[in-house]
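Report on one structure; see the data block that follows.
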Protein chains: 2
Amino acid sequence: MAQERRNNGGVTVFDVAEHAGVSIATVSRALSGTRSMSEGLRTRVQDSARTLGYQVNLVGRALRQKKTSTLGLIIPDLENPFFSSLAQRISRRFGESEVDVLIASADNDKAQEKRAVQSFLGRQVDALVMIPTDEVESEEALLLASEYVPTIQFDRQVPHLPIPYIGCDNAAGMDLVGAYLETSVDTSSQPVILVGGGESSSSGRERSSEFLTAQSPVLHLEGSFSFSWGQKAAKQILKRGFQTATIVTGADVIALGVISWLTSAGHKIPDDFRVIGFDDVGVAQLSHPTLTTVRQPVEEMTEAIKTLMQEATGSPAPTSQRFAPELIVRASG
Amino acid sequence: MAQERRNNGGVTVFDVAEHAGVSIATVSRALSGTRSMSEGLRTRVQDSARTLGYQVNLVGRALRQKKTSTLGLIIPDLENPFFSSLAQRISRRFGESEVDVLIASADNDKAQEKRAVQSFLGRQVDALVMIPTDEVESEEALLLASEYVPTIQFDRQVPHLPIPYIGCDNAAGMDLVGAYLETSVDTSSQPVILVGGGESSSSGRERSSEFLTAQSPVLHLEGSFSFSWGQKAAKQILKRGFQTATIVTGADVIALGVISWLTSAGHKIPDDFRVIGFDDVGVAQLSHPTLTTVRQPVEEMTEAIKTLMQEATGSPAPTSQRFAPELIVRASG
DNA sequence: TTGTAGGCGTTATCAT
DNA sequence: ATGATAACGCCTACAA
């Protein structure tokens, strides 16, 4: 007969077992469907569970199984639409499998980021996907994470770390922009200006430095990945007397900030100023004018996480992957 | 002496106990600092833990303590900047305490939302904060959640449910808009149009219906809380021949979509069309023109979650709270 | 096919 | 002040 055990709060397998007149082992098997058993018994157990309002305690299961079917995702800044969109899409993709995605925001802060790592590690997540906040300062958190659990750097990376990285080929993306400028833009009448997202993340650094190897912008400004930086940069550009230019930016949010400032100052886009973004966030095709940009192949990149995750069990040394971006020519440039 | 027990994977209290030459009870006490003990011993244990790379297993702790120091947060749509910003701010606020905030996206889908609830319940979160996806369809998920754990509806609510709600006074917000129109806008030359966010959420419904009780817009359109709906609505407005109007919207994202469409069609704001938003998202003060809008007191609302959470233990019937919004007059209207 | 029993890692109770 | 031990809820050999 069912072993006796009384508990205070919630309904447990013991309660269900008692109610259905079976052992707890049978309850477990009936509910997880992990083993064959007589159909009548199974439905009886399931009925008991439903009647009692039984909800499996994943904490108990995790402790026993030493796995949680959970993926931890750490985002540097949820206010950045590219990142929050990424979070949504990763979440959606893994929801198709039986994996729960838990999201934590690092809030652009090294300490918060480390704390999020420790929280996820303590919760025994099966894997960790992290967009590092800073190219240097995130190293400690990444190393800590990778010591305990399969870890992937996504979109940005801390270089020279033995931790797999999945991102887009930023250099190739900027080459596409360069080639486009050479073939389709009169850069003598509309001189090139580069507005980067800053050197503190790999994506920002890679994009800017690659562009600089092939092109020679008449002006080069570096800031951060934000709308307000784009506005500030545009202000500086006007202050320096530019009446026309081709403005290449390190991200769509920056480009949108640039456009916002220039149009409100009465300038025409793309007639006076051309503006080119990077990422292809959702609003890029809705803004006015629509944004010419480099699209990151987010679907493929997300799929790669899944693949890498499955290989992670017992694979020798998972390697990094870079995916080829694509130039989307719209109205702004 | 320390009891013997070997484990496969990680470092446990037993390993630390052995290394420090104490019992596991002492290890637990030394690390959690929950009880007084000789200072020398405590540091010795802490040193051992550090040396061995011990990381507390929160799953084990949760099982024993029957609490997780975790707050579950379910967001309908991370692509909506108001929601992702909310997630960031709630996360930040609770990070100050020792509470971890875990975020899940419902992706505007009833099934995903319910799944998120079950996941959080199974993980034994101490409390759940939920922005319901739909005013009707979210009822089941909410009731399920509240049956097991203190639950709060935030920003939106399913009416007539015995589940506390924290939000802003949407009706009062729209009254502010109405009063502003009456005192400061010539609505005879710029007739009023209402562009709502749809009737499927309480916030959308409350805002539109309140506005309609006091004002009589010449046109009333309902859609969803998105940038693209704002554009579509603007398109319809122009199609109907309006050359000028005061457009009151149900949310900033909608207002921004409206502005984007109108300006690209060559109209001036606020000279031709005035546009008023609701929420006061971050970009509202950065857009061009800057957005006149109703600010939700997000800080206070977030604080209220914390307070309600603390009362939740043993309180009789936690009540709903609505916070007074504020009209922010900027350039667009 | 079904039941018994042990253990996952931690903390709290009870001795000492 | 410290140590031994039971218990949290679950799953899974192993036994029947």
Side-chain angles (χ1 to χ4, degrees), chain A residues 1-18 20-45 48-49 52-69 121-124 126 148, chain B residues 1-18 20-45 48-49 52-69 121-124 126 148:
Chain A
M1 271 302 97
Q3 171 176 341
E4 205 57 42
R5 189 159 77 173
R6 276 267 45 91
N7 54 311
N8 23 2
V11 180
T12 75
V13 282
F14 288 89
D15 302 308
V16 178
E18 189 181 15
V22 296
S23 76
I24 60 165
T26 304
V27 172
S28 176
R29 290 191 275 254
L31 296 178
S32 59
T34 181
R35 230 163 142 122
S36 69
M37 51 187 296
S38 67
E39 218 28 66
L41 223 191
R42 160 159 292 151
T43 51
R44 194 171 90 217
V45 172
S48 293
L52 298 176
Y54 172 79
Q55 292 275 123
V56 63
N57 184 326
L58 295 177
V59 174
R61 172 181 291 174
L63 189 58
R64 171 63 222 246
Q65 294 193 143
K66 294 189 148 192
K67 66 178 280 251
T68 52
S69 299
L121 289 181
R123 285 170 210 286
Q124 312 295 104
D126 296 335
Y148 293 91
Chain B
M1 271 304 95
Q3 171 176 341
E4 204 60 38
R5 187 159 78 174
R6 276 268 44 92
N7 53 311
N8 23 2
V11 181
T12 76
V13 281
F14 288 88
D15 301 307
V16 178
E18 188 181 16
V22 295
S23 76
I24 60 166
T26 303
V27 172
S28 176
R29 289 192 277 254
L31 297 178
S32 58
T34 180
R35 224 151 133 145
S36 70
M37 51 185 297
S38 67
E39 217 28 65
L41 223 192
R42 161 159 290 151
T43 52
R44 194 171 90 217
V45 172
S48 293
L52 297 177
Y54 171 79
Q55 293 273 122
V56 64
N57 184 326
L58 296 177
V59 174
R61 172 180 292 175
L63 187 58
R64 175 62 226 243
Q65 293 193 144
K66 295 187 146 192
K67 67 178 277 253
T68 53
S69 300
L121 288 181
R123 285 169 209 286
Q124 312 295 106
D126 297 334
Y148 293 91

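The chains referred to below are lettered A, B, ... by the order of the sequence lines, with proteins before strands, and numbering in each begins at 1.
Taking atom CG on B:D15 and atom P on C:dC8, their separation rounds to 11 Å, with Å as the unit. Atom CZ in B:F14 sits about 12 Å away from atom C1' in D:dG3, given to the nearest Å. The nearest whole Å value for the distance from the OH atom in A:Y148 to the C1' atom in C:dG9 is 15 Å. Atom-to-atom, NZ of B:K66 to C1' of D:dC10 comes out at 13 Å; the value is rounded to the nearest Å. Nucleotide C:dG9 holds its P atom 15 Å from the CD atom of B:E18, rounded to whole Å. In this structure, A:R123 places its CZ atom 16 Å from C1' of C:dG9, rounding to the nearest Å. Taking atom CD on B:Q124 and atom P on C:dT10, their separation rounds to 18 Å, with Å as the unit. To the nearest angstrom, C1' of D:dG9 lies 16 Å from CG of B:L121.
Distance check, rounded to the nearest 0.5 Å: CG of A:N57 to CZ of A:R64 gives 15.0 Å. In this structure, OG1 on A:T12 lies 13.5 Å from CD on A:Q55, to the nearest 0.5 angstrom.
Remark on the helix from C:dT1-D:dA16 to C:dT16-D:dA1: inter-end axis angle 40°, axes from five-pair C1' superpositions, rounded to 10°.
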Reading 5' to 3' through nucleotides 11-16 of chain C, protein heavy-atom contacts under 4.0 Å coded B for base, S for sugar-phosphate only, - for none
BBB---
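For B:Y54, the side-chain contact (heavy atoms from CB on, under 4.5 Å) partners are B:V11, B:V13, B:V16, B:L31, B:A49, B:V56, not counting sequence neighbours. Every side-chain hydrogen bond (donor to acceptor under 3.5 Å, both in side chains) that B:S48 has, sequence neighbours left out, goes to B:H19. Partners of A:R123 according to the salt bridge (charged side-chain N to carboxylate O under 4.0 Å, His left out) rule, which considers only residues two or more places apart in sequence or in another chain, are B:D100. In this view, B:R44 and B:V22, B:L41 satisfy the side-chain contact (heavy atoms from CB on, under 4.5 Å) rule, not counting sequence neighbours.
Here the closest heavy-atom approach between residue B:S69 and residue B:D126 is recorded as N-OD2, 2.6 Å. A:R29 approaches A:R42 most closely through the heavy-atom pair O-NH2, 3.4 Å.
When heavy atoms are screened at a 4.0 angstrom cut-off, A:L58 is found touching no nucleic acid atom at all.
Contact check for A:R61 versus A:L58: side-chain heavy atoms found under the 4.5 Å cut-off.
In terms of phosphate contacts, A:S38 brings no side-chain nitrogen or oxygen within less than 4.0 Å of OP1 or OP2 of C:dT1. One finds no side-chain N or O of B:T12 lying less than 4.0 angstrom from the OP1 or OP2 phosphate oxygen of C:dG9.
Residue order along DNA chain D, read from the 5' end via each residue's closest nucleotide, puts B:T26 first among B:T26 and B:L63.
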